[in-house]
Amino acid sequence: MFDLFKNHRRAELRKQGLAESERAIVSRHVPELARLDAAERGELEGLVRVFLAEKSFEGCGGLELTEEIQVTIAAEACLLLLHRDNDMYPGVDVILVYPAAYWVESKTHDGAVVIEGPEARLGESWARGLVVLAWDHVSSRLMRAGGHNVVLHEFAHQLDGENGSMDGTPPLTTGARYSSWGRVLGQEFTELSERLHAGKPNDIDAYGATNPAEFFAVVTEMFFERAAAMKARHPELYAELAAFYHQDPAARETG
Ligand SMILES: [Zn+2]
């Protein structure tokens with residue numbers, strides 16, 4: 001019964017577009033959306049309405065939440081849901097937004113030594129209910145120019161976790177899809193790790209070699225922000241992501 005109400009409410013929200021002030025924010029902060037066609041933009045606007053109605057935002061570290069912050073984050077997060085059968089990030093209830101990269105206590109193991117100390121974070125995805133973002137990095141044109149997008153990164157982790165574990169494999173539709181995903185992403189992950197160890201240059205961000213979950217989040221950023229380059233240099237990886245996201249952002253970049 002709850003699903004019926006939820007689906008009805010979502011269908012109503014999805015019919016509503018964005019207000020002019022919200023459209024202006026999106027065109028300023030989310031350049032990817034300018035490349036969508038009219039039907040896709042309409043679909044995306046409906047998703048953003050649902051996102052804004054269902055998720056709550058909290059400003060942290062003195063940050064005052066604005067429409068600009070909420071609409072920008074919602075629009076980027078919803079870009080990952082376009083054309084996909086989705087349940088609007090069921091694992092996310094709250095998005096915490098800090099003004100800038102924030103410091104957390106962390107423990108790292110370096111051989112036998114445990115190094116404890118503060119570590120700068122740009123964003124985090126928690127398995128239960130929470131995404132944490134630093135607004136200066138969300139809105140940074142410099143990050144974007146470097147092919148980074150912290151919102152896409154953190155929400156890719158959420159998609160990854162929808163089957164119960166953030167392990168680099170989000171829910172896929174068929175057994176065949178799982179085997180090609182495992183083969184292609186596994187090979188690319190291994191190649192990235194090997195190139196790093198050998199001191200060779202690589203075009204996939206080194207952070208992706210941390211583990212398969214980070215690899216999926218990093219290549220999601222690259223898929224949307226450097227699509228044509230990824231398609232040219234990593235065609236199989238691009239094809240896996242294109243099948244998962246039901247999008248071909250390289251065609252948008254060149255078209
Ligand atoms: Zn990550």
Side-chain angles (χ1 to χ4, degrees), residues 30 32 55 57 60-61 72-81 86 89-98 100-109 115 117-140 142-172 181-182 184-186 188-193 195-196 202-227 230 234 237 240-241 244-245 249:
V30 195
E32 295 90 343
K55 311 301 179 193
F57 287 80
C60 302
T72 299
I73 291 169
E76 291 190 340
C78 289
L79 183 61
L80 302 186
L81 303 181
N86 72 84
Y89 298 113
V92 180
D93 301 316
V94 183
I95 296 116
L96 303 183
V97 191
Y98 284 80
Y102 47 98
W103 296 89
V104 292
E105 289 296 324
S106 69
K107 282 185 188 176
T108 51
H109 294 264
I115 302 159
E119 175 188 345
R121 295 274 176 88
L122 315 179
E124 288 175 76
S125 256
W126 292 36
R128 279 277 156 259
L130 212 59
V131 168
V132 191
L133 293 163
W135 173 241
D136 67 338
H137 284 79
V138 172
S139 57
S140 163
L142 216 61
M143 293 278 286
R144 207 48 91 60
H148 295 290
N149 187 316
V150 68
V151 180
L152 300 185
H153 182 108
E154 298 310 329
F155 281 88
H157 281 317
Q158 290 296 327
L159 294 177
D160 183 5
E162 283 181 11
N163 54 2
S165 60
M166 287 184 189
D167 57 4
T169 305
L172 302 170
W181 183 274
V184 172
L185 274 82
E188 292 274 1
F189 175 76
T190 303
E191 193 186 322
L192 175 63
S193 307
R195 291 183 73 84
L196 283 170
N202 50 79
D203 58 337
I204 297 176
D205 191 302
Y207 192 61
T210 309
N211 57 47
E214 294 306 339
F215 186 76
F216 170 57
V218 160
V219 295
T220 291
E221 292 178 73
M222 190 177 176
F223 177 72
F224 285 98
E225 300 290 345
R226 295 204 157 161
M230 177 187 261
H234 307 270
L237 177 60
E240 288 300 318
L241 293 167
F244 176 68
Y245 284 115

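Just so you know, ligand 1 is whichever comes first in the structure, and atom 1 is the first atom listed for that ligand. The figures here come from the full heavy-atom set of this structure, side chains too, leaving out hydrogens, waters and symmetry mates.
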ask   = Any N/O/S atom, backbone or side chain, of Glu154 lying under 2.8 Å from the Zn ion (ligand 1)?
value = no
query = Hey, which N, O or S atom on His157 ends up closest to the Zn ion (ligand 1)?
reply = NE2
task = Could you check if a side-chain atom of His234 sits within less than 4.5 angstrom of a side-chain atom of Ile204, using non-hydrogen atoms only?
result = yes
query = Within the distance-only criterion (no hydrogens, no angle test), does the side chain of Glu221 pair as donor or acceptor with the backbone N or O of Asn149 below 3.5 angstrom?
reply = yes
remark   = Among the N/O/S atoms of Glu214, the Zn ion (ligand 1) lies closest to OE1
request  = Decide side chain to side chain contact (heavy atoms under 4.5 Å, CB included) for Val131 and Tyr89; before the verdict, give the C-alpha distance in whole Å, the side-chain angles of both, and the deciding distance to 0.1 Å.
outcome  = CA-CA 11 Å; Val131 168; Tyr89 298 113; over 6 Å; no
Geometric class of the Phe224/Tyr245 ring pair [parallel <30°, tilted 30-60°, perpendicular >60°] = perpendicular
